[in-house]
Chemist: 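Let me begin by handing over the structure; questions about it come next.
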Amino acid sequence: MQLDEAVADHQLPPAYYTHPRVQASANARVWPLSIFIDGVPYSHTDSVVGWWLVNMVSGQRYLFACLRKRTVCKCGCRGWCSFYAMFRYVAWCLAALAEGMWPARRHDRKPWQPTDEARASKAGTPLGVKAALIHIKGDWMEFATTLGLPSWNDGLRPCFACNADRDSFHTSLGARPLAFPSRENQEGDNELACQRCEFYVVIPNQDTHRQ
C-alpha cells in the first residue's frame, strides 16, 4: 500500500518514473532502491567500506557488504581489483531484482557448482518482487575512491558533476537559479573520457611481460 500510494502521489523522484524497468513493468509493482556507500572506521588505524541497500519507500537500510580497506588490492589499481569484484556481485543481485527472477548462473557468470544446489533449484523461477536501482549515494570521498570518479584536487576535471576546470572550479560568476556557468555532465560522458585515456599494448610473450 505504501508503494502504491507513493507512486500514485508522485512522491518518488523523477528517476523512478523514467527508469526503463519501471516503464516496462506498467502492470507490476517495482520497488525503488538506492545504494549507499561510505567508509566506517572501526579502530584508530583502519576502516571498512560499507554497502547499504535502501528501500526508498520505507527508508529501511540493509547492510549487505563490508570491505576492509587494509585488505583491498594494492597492485597499483587504487583498490579497483577488489571493488570491481564487489560491483559484479551487486550487479548480479540487481539484475535478478530487475527481472524479478532467480538468477540462472552464479555471480561470476559461471554455471552453478555442486555447492549451489539450493540456488540452482530456484533458477529461472519468479522472485515474487521486482525492484529498480534509482540512486547510488555517498559522500565525495567515496565517489572519488570507491567509485573512481574525479576528486576535488584533480588538475583537469575536479568536479564529477560538471565540466569545470581547476581555474573555474570555485567561480560563481554567471551562476543563476536556473543556470550554471559550467555544463552539467551527461550520461556517458565519464565513459567517453575514460576511453580517450585508454592505451592498448600487446605483450607478445613472457619475456616482454617480465621486462
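Every value quoted in this text rests on a predicted model; they were computed, and no experiment measured them.
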Chemist: Which atom names give the shortest non-hydrogen contact between Ala104 and Trp112, and what distance separates them?
Modeler: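 Looking at all heavy atoms of both residues, the shortest contact is O-NE1, 2.9 Å.
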
Chemist: Does atom CD of Gln195 have more than 12 heavy-atom neighbours, drawn from other residues, nucleotides or ligands, at distances under 6.0 Å?
Modeler: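 Enclosed: over 12 neighbouring heavy atoms sit under 6.0 Å from CD of Gln195.
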
Chemist: To check you understand the geometry: which heavy-atom pair defines the closest contact between Arg157 and Asn185, and what is its length?
Modeler: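 Closest approach of Arg157 to Asn185: NH2-OD1, 3.0 Å.
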
Chemist: What pairs with Ser43 under side chain to side chain contact (heavy atoms under 4.5 Å, CB included), at least two apart in sequence or on another chain?
Modeler: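 With neighbours one apart ignored, the set is Thr45, Asp46.
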
Chemist: Restricting to salt bridge (Lys or Arg N to Asp or Glu O under 4.0 Å), what partner residues turn up for Arg183, sequence neighbours left out?
Modeler: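 Checked Arg183 against salt bridge (Lys or Arg N to Asp or Glu O under 4.0 Å); matches are Asp189.
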
Chemist: Should the heavy atoms of other residues, nucleotides or ligands under 6.0 Å from CD of Glu187 be counted, would the total exceed 12?
Modeler: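 Open.
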
Chemist: Using the salt bridge (Lys or Arg N to Asp or Glu O under 4.0 Å) rule, collect all pairs that involve residues 120-133, keeping only residues at least two apart or in two chains.
Modeler: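 Non-adjacent pairs meeting salt bridge (Lys or Arg N to Asp or Glu O under 4.0 Å): zero.
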
Chemist: Look up atom OG in Ser34 and atom CD1 in Ile134, then write down how far apart they are to the nearest 0.5 Å.
Modeler: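 One finds 9.0 Å between OG of Ser34 and CD1 of Ile134.
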
Chemist: Are Phe160 and Phe83 grouped together when hydrophobic residues (ILVMFWY) are joined by side-chain heavy atoms under 4.5 angstrom apart?
Modeler: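 Linked, Phe160 and Phe83 end up in one cluster.
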
Chemist: For Cys81, what residues pass the side chain to side chain contact (heavy atoms under 4.5 Å, CB included) criterion, not counting sequence neighbours?
Modeler: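 Residues passing side chain to side chain contact (heavy atoms under 4.5 Å, CB included) with Cys81: Cys73, Cys75, Cys77.
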
Chemist: To check you understand the geometry: which heavy-atom pair defines the closest contact between Leu63 and Ala65, and what is its length?
Modeler: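 That closest heavy-atom pairing would be CD1-O, 3.6 Å.
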
Chemist: Can I get a per-line list of side-chain donor-acceptor pairs under 3.5 Å for residues 23-33, giving both atom names and the distance, sequence neighbours left out?
Modeler:
from: Gln23; atom 1: NE2; to: Tyr17; atom 2: O; distance (Å): 3.4
from: Ser25; atom 1: OG; to: Arg21; atom 2: O; distance (Å): 2.9
from: Arg29; atom 1: NE; to: Asp4; atom 2: OD1; distance (Å): 2.9
from: Arg29; atom 1: NE; to: Asp4; atom 2: OD2; distance (Å): 3.1
from: Arg29; atom 1: NH2; to: Asp4; atom 2: OD2; distance (Å): 2.8

Chemist: With no hydrogens and no angle check, do the side chains of Arg61 and Asn55 hold a donor and an acceptor under 3.5 Å apart?
Modeler: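 There is no such pair (donor and acceptor under 3.5 Å, judged by atom type) between the side chains of Arg61 and Asn55.
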
Chemist: For residues Ala96 and Leu127, report the shortest heavy-atom separation together with the two atoms involved.
Modeler: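 Result for this residue pair: O-CD1, 3.5 Å.
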
Chemist: What pairs with Phe64 under side chain to side chain contact (heavy atoms under 4.5 Å, CB included), at least two apart in sequence or on another chain?
Modeler: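 For Phe64, the residues satisfying side chain to side chain contact (heavy atoms under 4.5 Å, CB included) (neighbours in sequence not counted) are Trp51, Leu53, Tyr89, Val90.
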
Chemist: Looking at Glu117, I'd like to know if its CD atom is crowded, meaning that more than 12 non-hydrogen atoms belonging to other residues, nucleotides or ligands lie closer than 6.0 Å.
Modeler: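 No, because the 6.0 Å sphere around CD of Glu117 holds 12 heavy atoms or fewer from other groups.
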
Chemist: Quick one: side chains of residues 201-209, donor-acceptor pairs under 3.5 Å with protein atoms, not counting sequence neighbours, listed by atom name and distance.
Modeler:
from: Asn205; atom 1: OD1; to: Asp207; atom 2: N; distance (Å): 3.2
from: Asn205; atom 1: OD1; to: Thr208; atom 2: N; distance (Å): 2.8
from: Asn205; atom 1: OD1; to: Thr208; atom 2: OG1; distance (Å): 2.8
from: Asp207; atom 1: OD1; to: Arg210; atom 2: NH1; distance (Å): 3.0

Chemist: Tell me every residue that passes side chain to side chain donor-acceptor pair (under 3.5 Å) with Arg176, counting only those two or more places apart in sequence or in another chain.
Modeler: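 None.
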
Chemist: Asp38 and Lys137: side chain to side chain contact (heavy atoms under 4.5 Å, CB included), yes or no, with the steps?
Modeler: CA-CA 9 Å; Asp38 198 9; Lys137 300 181 178 182; over 6 Å; no

Chemist: Any donor-acceptor pair under 3.5 Å linking the side chain of Lys69 with the backbone of Leu67?
Modeler: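 Not a single qualifying donor-acceptor pair exists.
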
Chemist: For Trp52, enumerate each residue passing the ring-ring contact (aromatic ring centres under 6.0 Å, His included) test, keeping only those at least two apart in sequence or located in another chain.
Modeler: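 Scan of Trp52 (ring-ring contact (aromatic ring centres under 6.0 Å, His included), adjacent residues dropped) gives Phe36.
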
Chemist: Under 4.5 Å between side-chain heavy atoms, counting indirect links through other Ile/Leu/Val/Met/Phe/Trp/Tyr residues: same cluster for Met86 and Val54 or not?
Modeler: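 Shared cluster, no.
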
Chemist: Output yes when a side-chain donor or acceptor of Arg78 lies under 3.5 Å from a complementary backbone atom of Gly76, and no otherwise.
Modeler: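 Judged by distance alone, no pair lies under 3.5 Å.
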
Chemist: Of all the heavy-atom pairs spanning Pro41 and Ser47, show the shortest one and how long it is.
Modeler: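 Nearest pair, atom of Pro41 first, then Ser47: CA-CB, 3.5 Å.
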
Chemist: Mind checking the NZ-CD spacing from Lys110 to Gln113? Nearest 0.5 Å is all I need.
Modeler: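 Rounded to the nearest 0.5 Å, the NZ-CD separation comes to 8.0 Å.
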
Chemist: Distance-only criterion, 3.5 Å: show the donor-acceptor pairs between side-chain atoms of residues 140-151 and protein atoms not counting sequence neighbours.
Modeler:
from: Trp140; atom 1: NE1; to: Pro150; atom 2: O; distance (Å): 3.3
from: Glu142; atom 1: OE1; to: Thr146; atom 2: OG1; distance (Å): 2.6
from: Glu142; atom 1: OE2; to: Gly39; atom 2: N; distance (Å): 3.1
from: Thr145; atom 1: OG1; to: Met141; atom 2: O; distance (Å): 2.7
from: Ser151; atom 1: OG; to: Asn153; atom 2: OD1; distance (Å): 2.4

Chemist: Taking all heavy atoms of Met56 and all of Pro13, pick out the closest pair and write down the distance.
Modeler: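 Result for this residue pair: CE-CG, 3.8 Å.
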
Chemist: Has the side chain of Thr171 got a donor or acceptor atom that lies under 3.5 Å from a matching backbone atom of Leu173?
Modeler: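 Between the backbone of Leu173 and the side chain of Thr171 there is no qualifying donor-acceptor contact (under 3.5 Å).
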
Chemist: Check whether Asn163 reaches the backbone of Glu184 with its side chain - one donor and one acceptor, N or O, closer than 3.5 Å.
Modeler: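 No.
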
Chemist: Evaluate the criterion side chain to side chain contact (heavy atoms under 4.5 Å, CB included) for residue pair Trp92 and Arg109; output intermediate values, then yes/no.
Modeler: CA-CA 9 Å; Trp92 178 73; Arg109 312 309 193 259; 4.0 Å; yes

Chemist: Using ring centroids (six-membered ring only for Trp), state whether Phe87 and Trp80 fall under 6.0 Å.
Modeler: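 Yes, they do, as the ring centres are separated by less than 6.0 Å.
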
Chemist: Dump the intermediate steps for side chain to side chain contact (heavy atoms under 4.5 Å, CB included) on Leu133 and Ile35, then the final yes or no.
Modeler: CA-CA 8 Å; Leu133 179 67; Ile35 287 180; 3.8 Å; yes

Chemist: Test of understanding: with side chain to side chain donor-acceptor pair (under 3.5 Å), list the residues that count as partners of Asp116, not counting sequence neighbours.
Modeler: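 Checked Asp116 against side chain to side chain donor-acceptor pair (under 3.5 Å); matches are Arg106.
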
Chemist: Checking Asp165 now: which residues fulfil side chain to side chain donor-acceptor pair (under 3.5 Å) with it, not counting sequence neighbours?
Modeler: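 Only Ser168 meet the side chain to side chain donor-acceptor pair (under 3.5 Å) criterion with Asp165.
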
